[in-house]
Amino acid sequence: PIIPPRFNADYLQNPAPAYPALARRMHEQGRVLIRVLVSADGLPERIELKTSSGFPRLDHSALETIRNWKFVPARQGEQKIAAWVVVPITFTLDG
């Protein structure tokens, strides 16, 4: 069995994407789904937009942030392997 990659372990310290100032002023909100091929080393090898938020500024911010994330690689038995994972990023305005 393959254990999929993870992106939400606390020790990875992956920062949330910046909320683009213009998107905030324009009250843009939405959820972006990013498809990431995680290498056996836990680094993003390929990044694809799976589902857009409907706002290019938010999509771009999510894509750029994930490029610098670290992941727990997938495993097959004891061996680390490359595998795809979908990362959801939600942009919401408070109040």
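Position 1 is the first residue of the sequence, and the numbers go up from there.
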>> Distance check, rounded to the nearest 0.5 Å: Ile3 atom CD1 versus Gln76 atom CD?
In response: 10.0 Å
> Does the side chain of Leu93 reach to within under 4.5 Å of the side chain of His27, using non-hydrogen atoms?
Replying inline: yes
>> What I'd like to find out is whether the side chain of Leu58 reaches to under 4.5 Å of the side chain of Tyr19, using heavy atoms alone.
In response: yes
>> Test of understanding: with side-chain hydrogen bond (donor to acceptor under 3.5 Å, both in side chains), list the residues that count as partners of Glu48, not counting sequence neighbours.
In response: Arg35, Arg46
>> Please check: side-chain N/O of Thr65 versus main-chain N/O of Ser61, any donor-acceptor pairing under 3.5 Å?
In response: yes
>> With side-chain contact (heavy atoms from CB on, under 4.5 Å) as the criterion, how do Leu33 and Val87 come out once you've worked through the C-alpha distance, each side chain's angles and the decisive distance to 0.1 Å?
In response: CA-CA 6 Å; Leu33 295 179; Val87 179; over 6 Å; no
> So which heavy atom on Lys80 is nearest to which on Pro73, and how close?
Replying inline: CD-CG, 3.8 Å
>> Could you check whether any side-chain heavy atom of Pro15 comes within less than 4.5 Å of a side-chain heavy atom of Trp69, counting everything from C-beta outward?
In response: yes
> When hydrophobic residues are tied together by side-chain contacts of less than 4.5 Å, even through go-betweens, does Val38 share a cluster with Ile81?
Replying inline: no
>> Going by the rule side-chain hydrogen bond (donor to acceptor under 3.5 Å, both in side chains), which residues pair with Arg31 if we only count those two or more places apart in sequence or in a different chain?
In response: none
> Quick one: does Leu37's side chain get under 4.5 Å of Val85's, heavy atoms only?
Replying inline: no
> Below 4.5 Å, heavy atoms only, C-beta onward: do Lys50 and Trp84 meet side chain to side chain?
Replying inline: no
> Do you know which two heavy atoms are closest between Ala18 and Pro20, and how far apart they sit?
Replying inline: O-CD, 3.2 Å
>> Among Asn8, Asp41, Leu43, Ile66, exactly one meets side chain to side chain contact (heavy atoms under 4.5 Å, CB included) together with Phe71. Which residue is that?
In response: Ile66
> With distance as the sole test, does Asp59 use its side chain to make a donor-acceptor pair with the main-chain N or O of Val32 at under 3.5 Å?
Replying inline: no
> Can Tyr11 and Val72 be said to form a side-chain contact (heavy atoms from CB on, under 4.5 Å), step by step?
Replying inline: CA-CA 10 Å; Tyr11 63 85; Val72 176; 3.2 Å; yes
> Would a 4.5 Å heavy-atom cut-off, applied to side chains only, mark Leu63 and Ile34 as touching?
Replying inline: yes
> Is the closest side-chain heavy-atom distance between Lys70 and Gln13 below 4.5 Å?
Replying inline: no
> Measuring from Gln29:CD to Ser53:OG, what's the distance to the nearest 0.5 Å?
Replying inline: 10.5 Å
> So which heavy atom on Ala9 is nearest to which on Arg6, and how close?
Replying inline: CB-NH2, 3.4 Å
>> For a 4.5 angstrom cut-off between non-hydrogen side-chain atoms, does Pro17 reach Phe91?
In response: yes
